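The next block holds one structure in the form of structure tokens; read it before the comments.
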Amino acid sequence: MHFLKIFFYILLFFPIALQAQNSILPLTGAKIFSSGLSAKSIEISVDGYILLNNTVPLNKEVVFKIINPTGFATESMKIFPAAEVTVNNGSGSMLGKTADAFASVASTGYTTDKAKELIIKTGLGASVIKGNTSLNITINLTDRKSKQSMKIIFPLTIATASQGLQASSGVMSVKSNGPNPIYTSNIKVASAETFVDTAIRVNPAMAYRSLELTNIAGATIDEVLAGTETYYVYHATTLAEVKLNDKLLKRVKAGVEGNVSSYLLKIPYRLKKDNTKYIVRFRWESKEGKRVIDGVFAE
């Protein structure tokens, strides 16, 4: 089934930065497994707008933009990517497959100066999803000249008529003391500071990811408190989600003219005696769903 188109075009949006390891993308929660191949960033968009969540309306194309891919072997100043793309339903049954999204350039490859963005479009027409509402789009990006690879798994839900598309023409990064990405849409955060806190007495056995966001413009204290806060914990190697029942702790301080000067969060994510590495993702979404703060923190 040919439901993919591949092409290159100019970067229009702020990219979602990646580390050279297994990782979780903020905003969509897509999983990235790196086995030699990586990228400066990966952007997932629909209708030319960056997705703010993983809910996509029917009859849309999801665009994966792999920006500045690295790890490819070069031959005559060219790289030779290959990509198998599949769409599966929630139970794992395959609904659509493209054996090699880059088959048309298998022999010619791309010159390194032009291979700055690898673009893959995945259609979500009724004939592809076949009535399923929970899907996984999986891209297996490989190198024809080596054994290096990278897998992208994007779990998505088909939106209902009332949900529509939650996306933005502009996503901003937050200045942070750590290397991990924190992004906002339709709200500004001046800076963020994060560290692991093991001195919380609410649950002395737990370690917490401390996150303090300062000088928030575009939301009052009442609006921050009325928003939805969600956190996720993943095993750093397998990216399997770890379910925790502990509640996150928070403190919100007022600034001038009703803005927020400080939004402090303490996110429980592991027992102190647990030496396993985890990835924590935090998301705040305003009541109307148009303003988002989404960050990922790896140990």
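Quick note: residue numbers are just sequence positions, from 1. Given the structure is predicted, the values throughout are model-derived calculations rather than measurements. Side-chain atoms are counted along with the backbone in the values below, which use heavy atoms only and exclude waters and symmetry mates.
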Dump the intermediate steps for side-chain contact (heavy atoms from CB on, under 4.5 Å) on Asp100 and Arg144, then the final yes or no. CA-CA 11 Å; Asp100 185 359; Arg144 298 183 198 278; 2.5 Å; yes
Going through the checks in order, is the side-chain contact (heavy atoms from CB on, under 4.5 Å) test met by Thr112 and Phe72? CA-CA 10 Å; Thr112 53; Phe72 283 96; over 6 Å; no
Let me see the working for Tyr232 and Ile24 under side-chain contact (heavy atoms from CB on, under 4.5 Å), right down to the final yes or no. CA-CA 10 Å; Tyr232 312 84; Ile24 301 291; over 6 Å; no
List the steps and the verdict of side-chain contact (heavy atoms from CB on, under 4.5 Å) for Gln21 and Ile279. CA-CA 11 Å; Gln21 59 190 23; Ile279 295 172; 5.7 Å; no
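Screening residues 268-277 for salt bridge (Lys or Arg N to Asp or Glu O under 4.0 Å) gives Arg270-Glu299 as the qualifying pairs, with residues at least two apart or on separate chains.
Between Thr70 and Lys40 there is no side-chain heavy-atom pair separated by less than 4.5 Å. Residues Asp143 and Ile79 have side chains not in contact (no heavy-atom distance under 4.5 Å, counting atoms from C-beta outward). In this structure, the side chains of Met206 and Ile200 stay at 4.5 Å or more apart for every pair of heavy atoms. Counting heavy atoms from C-beta on, the side chains of Ser149 and Phe33 never come closer than 4.5 Å. At a threshold of 4.5 Å between non-hydrogen side-chain atoms, the residues Ser168 and Tyr49 do not count as touching. In this structure, the side chains of Leu124 and Leu156 come closer than 4.5 Å at one or more pairs of heavy atoms. Side-chain contact between Phe154 and Leu25: absent, with no pair of heavy atoms (C-beta onward) separated by less than 4.5 Å. In this structure the side chain of Met77 never reaches within 4.5 angstrom of the side chain of Thr111, judged on heavy atoms.
Using a cut-off of 4.0 Å between Lys/Arg side-chain N and Asp/Glu carboxylate O, Glu84 and Lys97 are scored as salt-bridged.
In the hydrophobic clustering of ILVMFWY residues, with side-chain heavy atoms under 4.5 Å counting as a link, Leu58 and Leu51 come out together. At a threshold of 4.5 Å between side-chain heavy atoms, the hydrophobic network of Ile, Leu, Val, Met, Phe, Trp and Tyr places Val280 and Val292 in two separate groups.
Between Asn203 atom CG and Lys247 atom NZ the span is 13.0 Å, to the nearest 0.5 Å. Going from atom CD1 of Ile267 over to atom NZ of Lys250 covers 12.0 Å, rounded to the nearest 0.5 Å. If you take NZ on Lys31 and OH on Tyr234, they are separated by 6.5 Å, rounding to the nearest 0.5 Å. Atom-to-atom distance recorded for Leu118:CG and Phe102:CZ is 4.5 Å, nearest 0.5 angstrom. Atom CD1 of Ile139 is separated from atom CD1 of Ile66 by 5.5 Å, given to the nearest 0.5 angstrom. Interatomic distance, Ser41 OG to Lys65 NZ, rounded to the nearest 0.5 Å: 8.5 Å.
Panel note: side chain Asn53, backbone Leu27; no donor-acceptor pair is recorded below 3.5 Å. No side-chain donor-acceptor contact under 3.5 Å links Lys151 to the backbone of Thr138. At least one donor-acceptor pair closer than 3.5 Å links the side chain of Thr194 to the backbone N or O of Ser210. No donor-acceptor distance shorter than 3.5 angstrom exists from the side chain of Asn180 to the backbone of Phe297, with no hydrogens or angles considered. Of the possible donor and acceptor atoms, none in the side chain of Asn136 sits under 3.5 Å from a partner among the backbone N and O of Asn88. Side chain of Gln163 to backbone of Thr55: no donor-acceptor contact under 3.5 angstrom is found. Formation of a donor-acceptor pair under 3.5 Å by the Asn54 side chain with backbone atoms of Pro155 is found in this model.
Because its NZ or CZ atom is both nearer than 6.0 Å to the ring centre of Phe80 and within 45° of the ring axis, Lys145 counts as a cation-pi partner of that residue.
A side-chain N or O of Thr214 and one of Ser191 form a donor-acceptor pair less than 3.5 Å apart. In summary, the side chains of Asn89 and Ser91 do present a donor paired with an acceptor at a separation below 3.5 Å, with no hydrogens or angles considered.
Residues Leu239 and Ile32 come closest through the heavy atom pair CD1-O, 3.7 Å.
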